[in-house]
Amino acid sequence: METKTSTLRLIYPQWQGGIVNHYFPDLPADDAARGYYLGSHLLNFLAPDNGQKTVEVPVSLDPDDRATEKGINARNVIVKQSKAALNLLKENNPERIITLGGECAVSVIPFSYLAARYPDDLAIVWIDAHPDLNLPYDRYEGYHAMALSACLGIGDEEITEMLPGKVDASKAILVGVRSWDEGIQKRQNEWGIKGLSPAEVAENSTPVMNWLKETGVSKVVIHFDMDVLDPAEMRAAVGDDPDGMKIAEVVRVINDIGSQYDIVGLTVAEPLPRIAIKIRNMLNQLPLLKDK
């Protein structure tokens, strides 16, 4: 029986991995860029309080600290924040981690920590509209698109060397994937990573469960990027690729996995609350409420 003290809730409001403000012309650029920061805290506010110990990764809010180095936008601050997150995990030594982000790269540190804790007995289920298999110096420089690559130990040398563990590509699966940057689908195939479209898991979770059985693992980490959701039902993230997974389908897949495997890591990532940002900015213009 899982004890509450064995699970750590990690609030990880990192926003620098995404280059997204151009998707939101109706928002001030800095507010859109840092939207994941607010999204992370909203997730923590909305998620049930199950008594887990909660810690937060310190994250810079400086919008100007975004220099591209070694093919990664905002690399220096991402490295610094990754080290801070890893130190928090080492201090708390959790058996299980709930991560509330933040852009997709918030899974890298907790998943690599859990890969070291459960070597050769861990699979990654990456529920996402995008494969996140980019590498430094690809056309898109956002680190959140490199997140799964990093979990596999592939990417920036300094970052991958700091990671305590990695998962073999044969033990990673993409669920709900439907959008690839140029050349990334070919990379996915070359690395041997299975991908399931939303249609393939719309009726049941059998394709996921069959794949997990083939891996022979007993423990699973799950990355849930909210852009996997069908925007016709709810647009809660940046992505608006049509024909995504329904909320009930994502919930069913995750719970089906939990019914047969030990879920030791669960990340919810990429919430970008456009309406909440607008409400906050409106309130900040009212008498007695606005910032001094």
* To do: May I have the step-by-step check of side-chain hydrogen bond (donor to acceptor under 3.5 Å, both in side chains) for Gln16 and Gln81, ending in yes or no?
  => CA-CA 10 Å; Gln16 289 92 345; Gln81 290 166 185; 3.2 Å; yes
* **Full working for side-chain contact (heavy atoms from CB on, under 4.5 Å) between Arg9 and Val55** => CA-CA 6 Å; Arg9 186 186 295 214; Val55 297; over 6 Å; no
* List the steps, then state whether side-chain contact (heavy atoms from CB on, under 4.5 Å) holds for Tyr261 with Met209. => CA-CA 10 Å; Tyr261 295 87; Met209 303 307 291; 3.9 Å; yes
* **Test side-chain contact (heavy atoms from CB on, under 4.5 Å) applied to Asp132 and His130, step by step** => CA-CA 6 Å; Asp132 292 349; His130 310 91; 3.9 Å; yes
* **Derivation and outcome, side-chain hydrogen bond (donor to acceptor under 3.5 Å, both in side chains), residues Trp180 and Gln188** => CA-CA 10 Å; Trp180 293 262; Gln188 176 191 330; 2.9 Å; yes
* From CA spacing to verdict: side-chain contact (heavy atoms from CB on, under 4.5 Å), Met226, Val268 -> CA-CA 7 Å; Met226 297 184 74; Val268 183; 4.1 Å; yes
* Show your working on salt bridge (Lys or Arg N to Asp or Glu O under 4.0 Å) between Asp262 and Arg96 and close with a plain yes or no. => CA-CA 10 Å; Asp262 185 6; Arg96 296 172 179 83; 3.3 Å; yes
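Ionic pairing of Asp26 and Arg274 is present here: one or more N-O contacts between side-chain nitrogen and carboxylate oxygen are shorter than 4.0 angstrom. Salt-bridge check for Arg187 with Asp138: passed, with a basic side-chain N closer than 4.0 Å to an acidic carboxylate O. Using a cut-off of 4.0 Å between Lys/Arg side-chain N and Asp/Glu carboxylate O, Lys246 and Asp230 are scored as salt-bridged. Taking a cutoff of 4.0 Å between a charged side-chain nitrogen and a carboxylate oxygen, Asp156 and Arg75 qualify as a salt bridge.
With hydrogens and angles ignored, the 3.5 Å screen pairs a side-chain donor or acceptor of Lys171 with a backbone N or O of Asp120. Here the side chain of Asn92 pairs a donor or acceptor atom with the backbone of Leu88 at under 3.5 angstrom. With hydrogens and angles disregarded, a donor-acceptor distance shorter than 3.5 Å links the side chain of Asp227 to the backbone of Ala129.
No close placement of the His41 and Phe45 rings is indicated, their centers lying 6.0 Å or farther apart.
Ile124 is not connected to Val217 by any chain of hydrophobic side-chain contacts under 4.5 Å among Ile, Leu, Val, Met, Phe, Trp and Tyr, and they are in different clusters. By the criterion of side-chain heavy atoms lying less than 4.5 angstrom apart, applied directly or through intervening Ile, Leu, Val, Met, Phe, Trp or Tyr residues, Ile19 is not grouped with Phe24; the two fall into different hydrophobic clusters. By the rule that hydrophobic residues join a cluster once side-chain heavy atoms approach within less than 4.5 Å of another member, Val251 and Leu196 end up as members of one cluster.
Checked against salt bridge (charged side-chain N to carboxylate O under 4.0 Å, His left out), Glu182 has the following partners two or more places apart in sequence or in another chain: Arg139.
Taken to the nearest 0.5 Å, the CG atom of Asp225 stands 10.0 Å off from the CD1 atom of Ile127.
Between the side chains of His144 and Glu270, at least one donor N or O lies within less than 3.5 Å of an accepting N or O. There is no side-chain donor-acceptor pair under 3.5 Å between Gln52 and Thr7. Counting only N and O atoms by type, the side chains of Ser60 and Asp65 include no donor and acceptor under 3.5 Å apart.
A heavy-atom distance below 4.5 Å is not found between the side chains of Pro198 and Glu249.
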Donor-acceptor pairs are to be reported for all side-chain atoms of residues 107-114 against protein atoms at under 3.5 Å, with residues two or more places apart or in another chain.
from	atom 1	to	atom 2	distance (Å)
Ser107	OG	His223	ND1	2.7
Ser107	OG	Thr267	OG1	2.9
Ser112	OG	Val108	O	3.0
Ser112	OG	Ile109	O	3.0
Tyr113	OH	Asn93	OD1	3.0
Tyr113	OH	Pro94	O	3.0
Tyr113	OH	Arg117	NH1	3.3

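The shortest non-hydrogen separation linking Val167 to Ala115 is CG2-CB, 3.9 Å.
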